[in-house]
Amino acid sequence: MHGANLGTLLRTCDAVGACLAVPPFRWVDDAVARGNTLRRPGCVHRVGSPLRWLAAERAAGSRILGVELADEAIRLGDLTAAGGRTIVVLGHEASGIPPEALDALDAAVEIPMVGGGLSLNVAVAGSLVLYKLAGLL
Ligand SMILES: C[S@@+](CC[C@H](N)C(=O)[O-])C[C@H]1O[C@@H](n2cnc3c(N)ncnc32)[C@H](O)[C@@H]1O
């Protein structure tokens with residue numbers, strides 16, 4: 001949702017040495033192109049079934065980290081840099097991470113907020129977490 005989010009996230013992925021994994025919807029390529037100012041191709045994985053891919057990644061030893069406001073979530077300040085392969089799961093701008101994907105997470109991380117807003121923009125939230133995981137902050 002909201003135009004430039006996927007392209008913005010691809011730029012952050014490029015900056016921290018990550019790849020962007022996207023679902024197989026027809027609108028995704030256009031959405032990734034918007035907001036993307038990279039002058040070379042970014043690293044984009046097209047994932048057939050996101051849930052099956054997450055399960056396979058988890059079985060292969062990847063850490064699956066959701067970015068979501070949740071009771072049991074780790075606070076961003078306590079998140080340590082990734083020691084191994086980590087998959088960061090972001091939610092839909094309107095509905096968040098769907099319940100079936102929450103079941104696939106090893107942990108969730110939340111970004112504390114003190115203002116009146118209920119949540120951050122997804123590209124902002126994802127970028128903050130990616131920088132912390134990359135150890136660049
Ligand atoms: C606009 S929010 C979704 C709000 C939605 N109403 C909900 O029920 O979750 C879009 C996504 O950005 C991320 N996000 C936004 N603010 C966050 C925060 N403070 N901490 C962690 N994740 C956040 C989450 O991945 C969330 O699913």
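As the structure is a computational prediction, the values presented were derived from the model and not from experiment. When a ligand or atom number is given, it counts from 1 through the structure's own listing order.
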Identity and distance of the protein heavy atom lying nearest atom 22 (N) of ligand 1: Val67 CG1, 3.3 Å

Which protein non-hydrogen atom lies closest to atom 26 (C) of ligand 1, naming both residue and atom, and how far is it? Glu68 OE1, 3.3 Å

Within the 4.0 Å heavy-atom shell around Met113, which atoms of ligand 1 are there? 19 (N)

Single-linkage hydrophobic cluster Leu105~Leu79, side-chain heavy atoms < 4.5 angstrom: no

Rounded to the nearest 0.5 Å, what's the gap from CG on Leu118 to CG on Leu69? Could you check? 9.0 Å

Gamma sulfurs of Cys43 and Cys13 within less than 2.5 Å: no

Heavy-atom nearest option to atom 5 (C) of ligand 1, drawn from Gly117, Ser119, Ala94: Ala94

So which protein heavy atom does atom 19 (N) of ligand 1 come closest to, and at what separation? Ile111 O, 2.9 Å

Side-chain heavy-atom pair Leu90, Asn5 within 4.5 angstrom cut-off: no

Which atoms of ligand 1 are found less than 4.0 Å from any heavy atom of Gly96? 5 (C), 7 (C), 9 (O), 27 (O)

Given that the side chain starts at C-beta and the backbone is N, CA, C, O, which of these parts of His92 lies under 4.0 Å from ligand 1, counting heavy atoms, or is it both or neither? backbone

Residue pair Leu9 / Ser127, side-chain heavy-atom distance below 4.5 Å: yes

Have a look at ligand 1 and work out which part of Val109, if any, has a heavy atom under 4.0 Å from it: side chain, backbone, both or neither. backbone

Ligand 1 atoms nearer than 4.0 angstrom to some heavy atom of Ala125 are 13 (C), 14 (N), 15 (C), 23 (C)

Tell me which protein heavy atom sits closest to atom 12 (O) of ligand 1, plus the residue, atom name and distance to 0.1 Å. Val122 CA, 3.5 Å

Tyr131/Leu76 under side-chain contact (heavy atoms from CB on, under 4.5 Å): CA gap, chis, key distance, verdict: CA-CA 11 Å; Tyr131 261 88; Leu76 181 64; over 6 Å; no

Atom 16 (N) of ligand 1 sits nearest the protein heavy atom Leu120 N, 2.8 Å

Could you tell me whether the side chain of Pro24 reaches within less than 4.5 Å of the side chain of Pro50, counting heavy atoms only? yes

Which residue supplies the protein heavy atom nearest to atom 10 (C) of ligand 1, what is that atom called, and how far is it? Glu93 OE2, 3.3 Å

Find out whether Val47 and Glu57 are in side-chain contact, i.e. whether some heavy atom of one side chain is under 4.5 Å from a heavy atom of the other. no

